[in-house]
Number of protein chains: 2
Amino acid sequence: MSRARDSGSVEYFFNSQSLREDQLFQDMLPEAVKAFEAMKQIVLYPEGSMIFAEGQRPRGVYLLSQGRANLVMRPKGKRARIIRIAEQGEMLGLSATISGEPYEVTAETLTPCQVGFIKRDDFLSLLREQPETCFRVAQLLGQSIHESYERFPLFDKTLPASAKLAHLILSWCAGGEETDEGIRLRLPLTHEQIARMIGTSRETVTRAFGEFRRKQIIQLEGATLLILNLAELESVAKSCQRSQKLSCLRNF
Amino acid sequence: MSRARDSGSVEYFFNSQSLREDQLFQDMLPEAVKAFEAMKQIVLYPEGSMIFAEGQRPRGVYLLSQGRANLVMRPKGKRARIIRIAEQGEMLGLSATISGEPYEVTAETLTPCQVGFIKRDDFLSLLREQPETCFRVAQLLGQSIHESYERFPLFDKTLPASAKLAHLILSWCAGGEETDEGIRLRLPLTHEQIARMIGTSRETVTRAFGEFRRKQIIQLEGATLLILNLAELESVAKSCQRSQKLSCLRNF
DNA sequence: TCCCAATTGTGACGCAGGTCACGTTCGACT
DNA sequence: AGTCGAACGTGACCTGCGTCACAATTGGGA
């Protein structure tokens, strides 16, 4: 598929900090880790295949050990909304597996993926046998809730599209590389994908990028993004929607 | 404040099913419940006061035993967005208390409230002592994640306002009373509050209600809402945004 | 090297809905 | 019953952005 947007060892910056397998293993007793590994079975998925779909009864948790996957919601009849892009090391389907509710999102592989799978029953009984692990999982779920609230502005209708794009870019900065010109980072996403992450159209994303470039806020060279004016970007992100121009004028 | 919108024994239908104290107690060992109760301290909040604010380091969990509270996010400089209205019996601040992340939302009392409070350290050590409770809490968090994804359409910009209102109304139906005319339920919210739940303006809510009434989908008498045509309401909720009229016409 | 499909860039147009400005109705309290 | 503030109802206007259409790049494979 496509141009060389994802060639090489791309590192994503805006992935989940919490739902990572290593987050779970850290602090875990060695034998717990061993039991965990023992019940894990490895499955390979080709690019573009579906790991699970929203609405399905939860079969268990998936550990994305290799590859990258899209987490989307598809309100029927509409373009799928990208909730998040999951990177290697993440656990998928955790909340559904624990609560027994259906999977909330659909996971589709963006690259060939190697995935570890643990059946729901096995996972639950492991949690009951290992209170430490169970506690850790509860913490991870709590963090994951926190992260979804942080993503909230991206879904907020009342923000103008440029503010949402600014928000998204800012969320990537953490993983960027500081230079004396500004923060430099790789941007291995098409405008189309970005549009589906912030709930807008491809053209609007293109135009917003153009506007940022004109304002010297960012600079683009291929898939490399250079943030020249972080402060201004932050102010755009906050820009509290519609111009109050009119109200101001009226005061005269 | 206000007209008699909330006089009498109002029952809300669209509250959380998962973050309820009784959900937690169910299946809990009697002594666990007792330990739980023992560390709970009761606090009274007058109407309009704040229980906790988004961004604050978590002090502990709050059990809303009497009264009603607003959970809002306030992107600074903008009208607060109502995430959910919490009813008596709900636990607030659970995910933040467990994960240690700051509270994600602000909780403000809409009526005088009686609230039980458990300090974070106490709560955490209780979870470590009682694996059963810990497991139960993890399940509740999972369910709570599921519920937030269900609320997702309300935040989706691409849906027209009327569809989001329809969604919201549908989420109330579960608690309604079946009659031969349709589902009857109390609607103790102002248009302004509803607007802030679906991210639109007060006027738009008023107009959407008017449209539903004209189409004989609903009927309003004071704060009582009668749903005449459930099927039509569902179809409005799904109405997949912008009219494709133009594209259709072009086919000829 | 050339070609081609996938991306990016840009203008034109239309409309949903935010905002303002009013008028109307409701219900609580005196 | 009269008053008054809150909530509801409605028209006018304007803007952001979705959509369509088409041009200009870009980079990987033949």
Side-chain angles (χ1 to χ4, degrees), chain A residues 1-8 48 77-79 81 156-165 187-196 198-214 218 220-225 236 239-251, chain B residues 1-8 78-79 81 156-165 187-196 198-214 218 220-225 236 239-251:
Chain A
M1 74 182 285
S2 81
R3 227 145 82 199
R5 298 222 136 252
D6 40 18
S7 57
K78 297 178 46 190
R79 260 208 307 291
R81 181 70 178 255
D156 187 355
K157 147 155 206 168
T158 60
L159 285 175
S162 58
K164 295 197 285 186
L165 178 58
L187 179 64
L189 292 172
T190 68
H191 291 183
E192 172 70 32
Q193 292 176 83
I194 294 174
R196 279 161 40 187
I198 62 179
T200 186
S201 69
R202 200 267 312 163
E203 293 89 331
T204 300
V205 171
T206 300
R207 279 188 254 262
F209 267 123
E211 181 195 325
F212 289 173
R213 238 176 334 185
R214 262 197 312 287
I218 63 168
L220 276 169
E221 298 146 0
T224 299
L225 179 72
V236 171
S239 77
C240 154
Q241 91 168 107
R242 326 201 146 259
S243 48
Q244 267 97 348
K245 277 176 239 152
L246 298 178
S247 327
C248 297
L249 286 176
R250 201 185 325 283
N251 291 338
Chain B
M1 71 182 286
S2 84
R3 227 143 82 196
R5 297 224 137 252
D6 39 21
S7 57
K78 297 176 46 190
R79 261 208 307 290
R81 180 71 177 253
D156 187 356
K157 146 152 207 168
T158 60
L159 285 174
S162 57
K164 296 197 286 186
L165 179 58
L187 178 66
L189 292 172
T190 68
H191 291 184
E192 172 70 32
Q193 286 173 305
I194 293 174
R196 280 160 42 186
I198 62 180
T200 185
S201 69
R202 199 266 314 162
E203 293 88 331
T204 300
V205 170
T206 300
R207 279 188 255 262
F209 267 124
E211 182 195 325
F212 289 172
R213 236 176 334 183
R214 261 196 311 287
I218 63 168
L220 276 168
E221 297 146 1
T224 299
L225 179 72
V236 170
S239 75
C240 157
Q241 95 169 103
R242 323 197 150 263
S243 45
Q244 267 98 346
K245 278 175 236 153
L246 298 178
S247 328
C248 297
L249 286 177
R250 201 185 328 283
N251 292 337

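In what follows, chains carry the letters A, B, and so on, assigned in the order in which the sequence lines appear, proteins first and then strands, with residues in each chain numbered from 1.
- The distance from atom CZ of F209(A) to atom P of dT25(D) is 20 Å, rounded to the nearest whole Å.
- Following rounding to the nearest Å, L165(B) (CG) and dC8(D) (P) show an atom-to-atom distance of 13 Å.
- Side-chain proximity of H191(B) to dT19(C), dC8(D), dT8(C): nearest is dC8(D).
- Of the candidates dG9(C), dT7(C), dG9(D), the closest approach to any side-chain atom of T206(A) belongs to dG9(C).
- Set against dG17(C), dG9(C), dC8(D), the side chain of T200(B) has dG17(C) as its closest nucleotide.
- Distances shown here put every side-chain N or O of T204(A) at or beyond 4.0 Å from the OP1 or OP2 atom of dG16(D).
- Looking at R202(B), its side chain has no donor and acceptor atom pair within 3.5 Å of the base of dG18(C).
- Side-chain atoms of R207(B) and base atoms of dG11(D) include a donor and an acceptor less than 3.5 Å apart.
- Straight-line distance from the CZ atom of R214(B) to the C1' atom of dC8(D): 15 Å, rounded to whole Å.
- The separation between E192(A) atom CD and dT8(C) atom P is 9 Å, rounded to whole Å.
- For dC8(D), the base has no donor-acceptor partner in the side chain of E203(B) [N/O atoms by modelled type, under 3.5 angstrom].
- Of the candidates L165(A), T206(A), T204(A), H191(A) forms a side-chain contact (heavy atoms from CB on, under 4.5 Å) with just one, namely T206(A).
- On a pure distance criterion of 3.5 Å, no polar donor-acceptor pair joins the side chain of R213(A) and the base of dT8(C).
- Rounded to whole Å, atom P of dC17(D) lies 10 Å from atom CD1 of I198(A).
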